[in-house]
Engineer: 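Once you've had a glance at the structure underneath, I'll fire off some questions.
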There are 2 protein chains.
Amino acid sequence: MKSQKITLREPHPRRSYEDACGAAHALDLVGERWALLVMRELLLGPKRFSDLRADLPGISANVLTQRLEGLADSGILVRRKLPPPASVQVYELTPWGYESEPIFQALGRWAARSPEHDPSLPLSAVSLLISFRTMLDPQRARGLRARIGFRIGDESYLARVVDGRIDVARDELEDADLVFAASAPAIAAAVYGGRPLDALEAEGALTVKGNRSLAKRFVKLFPLPPKIAQST
Amino acid sequence: MKSQKITLREPHPRRSYEDACGAAHALDLVGERWALLVMRELLLGPKRFSDLRADLPGISANVLTQRLEGLADSGILVRRKLPPPASVQVYELTPWGYESEPIFQALGRWAARSPEHDPSLPLSAVSLLISFRTMLDPQRARGLRARIGFRIGDESYLARVVDGRIDVARDELEDADLVFAASAPAIAAAVYGGRPLDALEAEGALTVKGNRSLAKRFVKLFPLPPKIAQST
DNA sequence: CGGCATCCGGGAAGATACTG
DNA sequence: CAGTATCTTCCCGGATGCCG
């Protein structure tokens, strides 16, 4: 009888703050490094393992594996196999997982005031689209009704603006009034960096198809909050 | 000439997600373990090092030191010396730091739906009072106007309810309509655990001074969101 | 006593290579 | 493509000790 090494997957009692405060429990669930960013990337629909890796530059495969396991154990996302002929593994937020969006909005709104925030860093398509939901100024969008498409990489997203509110989804762009085709950072440069559309088009970073004056209005709808006063 | 070992405090280029997304930058600032909980404890006013240690069971002194340094470097809090005769070091959020409260509300509201959330764990006074701001149901508080005091340990807090809204501060309790004296978890048991006030008073965990029917109404003002449906 | 530096052990994160 | 295996590095947590 050989001495057998049993690797019983003792499911490591996750480290907890042992605090009844709801925020503390949230951190028990999603406070580990990369966890919230994995969730963010799924906010507009399911993705595959390698999509997540590509959209989260810097995450390593084993950390991504661990986070997906942990988030699935907590009921925040599920592993699902798409029906044939796709038959591919994807990760998808549960309904409760989708309810986490206000967390990202609160974090994003607050951190946008940081003097160290650098909007010129890389940015994923999902981050950009979610930021539209967060930053839309209802005043400036008043009376506007438009369907605006985004072609980023080989995904397409549709934003519907209806009197002061905006909705965003991965979707086809058939009847959009306007389509931007560009990388996410290029669109961010127009919306948040104040770069003129003409300049971005001239350097080939972005193209606008459709209602051009609507495009010029759209990029003004998302004012950033003022940076904090620096004492240094 | 002796060879001198210079330990120039190279201020460790903090690990960053290198991501333009506002939420990602927020995590660069406050994503380290304990950082948000330190901020939470300061949301109702400045505290000393040892108060923070006491209110954050489990944090170690060196981690607290590191977090306070990091948060101060980021402009989220400041070290301040109270004027004589107190002459004591305290840590206080900056105006921008105080603006982080919506983050705690979003986290708390979301995590309260987790099946693993256990409201009977230890709870700090600040957590409890902030949770009132988060969870008040404006419907149930409609038409109510009251000043409700809390004596927790040797601190006192005052909540002012004015038609559907609540404000909370560390304050004296002179003209409160009602004062609860208890530990934070005992008050939480009444408000969130549904324990009857009479039972808690009977076991000596809590006392009510003043308008008793107001007390019974107050503890009903903060309904918890429904837990998520469990597939297990 | 309050605040902070230092050392140490364990564990989580990061990088790289490898496998079905 | 979707992960595992392995190794290294760094962070967290605990203990001790210094110094005002």
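Bear in mind that the values here come from a model prediction, so they are computed numbers and not experimental data. Note on naming: letters A, B, ... go to the chains in the order of the sequence lines (proteins, then strands), and numbering restarts at 1 for each one.
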Engineer: Could you state the atom-to-atom distance from CD1 of Ile59(B) to P of dG13(D) in whole Å?
Structural biologist: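 For the pair Ile59(B) CD1 and dG13(D) P, the rounded distance is 8 Å.
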Engineer: Could you work out which one of dG3(D), dC4(C), dA12(C) sits closest to the side chain of Tyr91(A)?
Structural biologist: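 Closest nucleotide among those given: dG3(D).
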Engineer: Is any side-chain N of the basic residue among Arg147(B) and Asp171(B) closer than 4.0 Å to the acidic one's carboxylate O?
Structural biologist: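 A salt bridge is absent here (no side-chain N lies under 4.0 Å from a carboxylate O).
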Engineer: Can you check the Lys81(B) NZ to dG3(C) P distance for me, whole Å?
Structural biologist: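 About 9 Å, once rounded to whole Å.
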Engineer: May I ask you to say whether Lys47(B) pairs ionically with Glu155(B), meaning some side-chain N is under 4.0 Å from a carboxylate O?
Structural biologist: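 Salt bridge: no.
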Engineer: For Arg53(B), answer base if it contacts any base atom (sugar-phosphate contacts may also be present), sugar-phosphate if it contacts only those atoms, and nothing otherwise; contact means non-hydrogen atoms under 4.0 Å.
Structural biologist: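 It contacts nothing in the nucleic acid.
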Engineer: Just N and O in the side chain of Trp34(A): are any of them under 4.0 Å from OP1 or OP2 of dG14(C)?
Structural biologist: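 For dG14(C), OP1 or OP2 has a side-chain N or O of Trp34(A) closer than 4.0 Å.
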Engineer: Taking the side chain of Asn62(A) as its heavy atoms from C-beta onward, which of dG14(C), dA13(C), dG3(D) lies nearest to it?
Structural biologist: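 Of dG14(C), dA13(C), dG3(D), dG14(C) is nearest to the side chain of Asn62(A).
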Engineer: In whole angstrom, give the distance that lies between atom CG of Leu52(A) and atom C1' of dC1(D).
Structural biologist: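 Rounding to the nearest Å, CG of Leu52(A) and C1' of dC1(D) are 13 Å apart.
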Engineer: Hey, which sits more toward the 5' end of DNA chain D by its nearest nucleotide, Tyr17(A) or Ala61(A)?
Structural biologist: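 Looking at the nearest nucleotide for each, Ala61(A) comes out on the 5' side.
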Engineer: Could you tell me how far apart Asp55(A) (CG) and dA2(D) (C1') are, to the nearest whole angstrom?
Structural biologist: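 It works out to 16 Å between those atoms.
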Engineer: Tell me, with the steps shown, if Asp28(B) and Arg15(B) meet salt bridge (Lys or Arg N to Asp or Glu O under 4.0 Å).
Structural biologist: CA-CA 7 Å; Asp28(B) 287 338; Arg15(B) 186 159 51 169; over 6 Å; no
Engineer: Starting at CG of Leu37(B) and ending at P of dC12(D), how long is that distance when rounded to a whole Å?
Structural biologist: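 These atoms are roughly 13 Å apart.
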Engineer: Got a second to check how far Ile103(B)'s CD1 is from Ile103(A)'s CD1, nearest 0.5 Å?
Structural biologist: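 Nearest 0.5 Å value for the CD1-CD1 distance: 10.5 Å.
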Engineer: Take atom CD of Glu32(A) and atom P of dC11(D), then tell me their distance rounded to the nearest Å.
Structural biologist: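 Result: 16 Å.
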Engineer: Does a side-chain N or O from Arg79(A) land closer than 4.0 Å to OP1 or OP2 of dA2(D), or not?
Structural biologist: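 For dA2(D), neither OP1 nor OP2 has a side-chain N or O of Arg79(A) closer than 4.0 Å.
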Engineer: dC11(D) phosphate, OP1 or OP2: any side-chain N/O from Arg33(A) under 4.0 angstrom?
Structural biologist: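 Answer is no, no contact under 4.0 Å.
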Engineer: Counting only side-chain heavy atoms from C-beta out, which of dC1(D), dG3(D), dA5(C) sits nearest to Arg48(A)?
Structural biologist: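 Nearest to the side-chain atoms of Arg48(A), counting from C-beta on, is dC1(D).
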Engineer: Return whichever of Asp51(A) or Gly58(B) has its heavy-atom-nearest nucleotide of DNA chain D closer to the 5' end.
Structural biologist: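 Nearest-nucleotide comparison on DNA chain D picks Asp51(A).
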Engineer: Roughly how many Å is it from CD in Glu69(B) to P in dC11(D), rounded to a whole number?
Structural biologist: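 Value for this atom pair: 14 Å.
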Engineer: Check whether any side-chain nitrogen or oxygen of Arg15(A) sits under 4.0 Å from OP1 or OP2 of dA12(C), and answer yes or no.
Structural biologist: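 So the side chain of Arg15(A) is outside the cut-off, no N or O lying under 4.0 Å from OP1 or OP2 of dA12(C).
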Engineer: Flag the pair Glu92(B) / Tyr98(B) as yes when at least one side-chain heavy-atom distance between them is below 4.5 Å, and no otherwise.
Structural biologist: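 Glu92(B) reaches Tyr98(B) side chain to side chain.
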Engineer: Kindly state whether the ring of Phe150(B) and the ring of Phe132(B) have centres lying under 6.0 angstrom apart.
Structural biologist: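 Centroid distance Phe150(B)-Phe132(B): below 6.0 Å, so yes.
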Engineer: Using a cut-off of less than 4.0 Å, is there contact between a side-chain N or O of Gln66(B) and OP1 or OP2 of dC11(D)?
Structural biologist: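 No, outside the criterion.
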Engineer: From the options dG14(D), dT4(D), dA13(C), select the nucleotide whose nearest atom is closest to the side chain of Ser60(B).
Structural biologist: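 Closest nucleotide among those given: dG14(D).
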Engineer: What is the separation between atom CG on Leu56(A) and atom C1' on dG3(D), rounded to the nearest whole Å?
Structural biologist: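 Between C1' of dG3(D) and CG of Leu56(A): 16 Å.
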Engineer: Taking the side chain of Phe49(A) as heavy atoms from C-beta outward, which of dA15(C), dG3(D), dG13(D) is closest to it?
Structural biologist: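 The answer is dG3(D).
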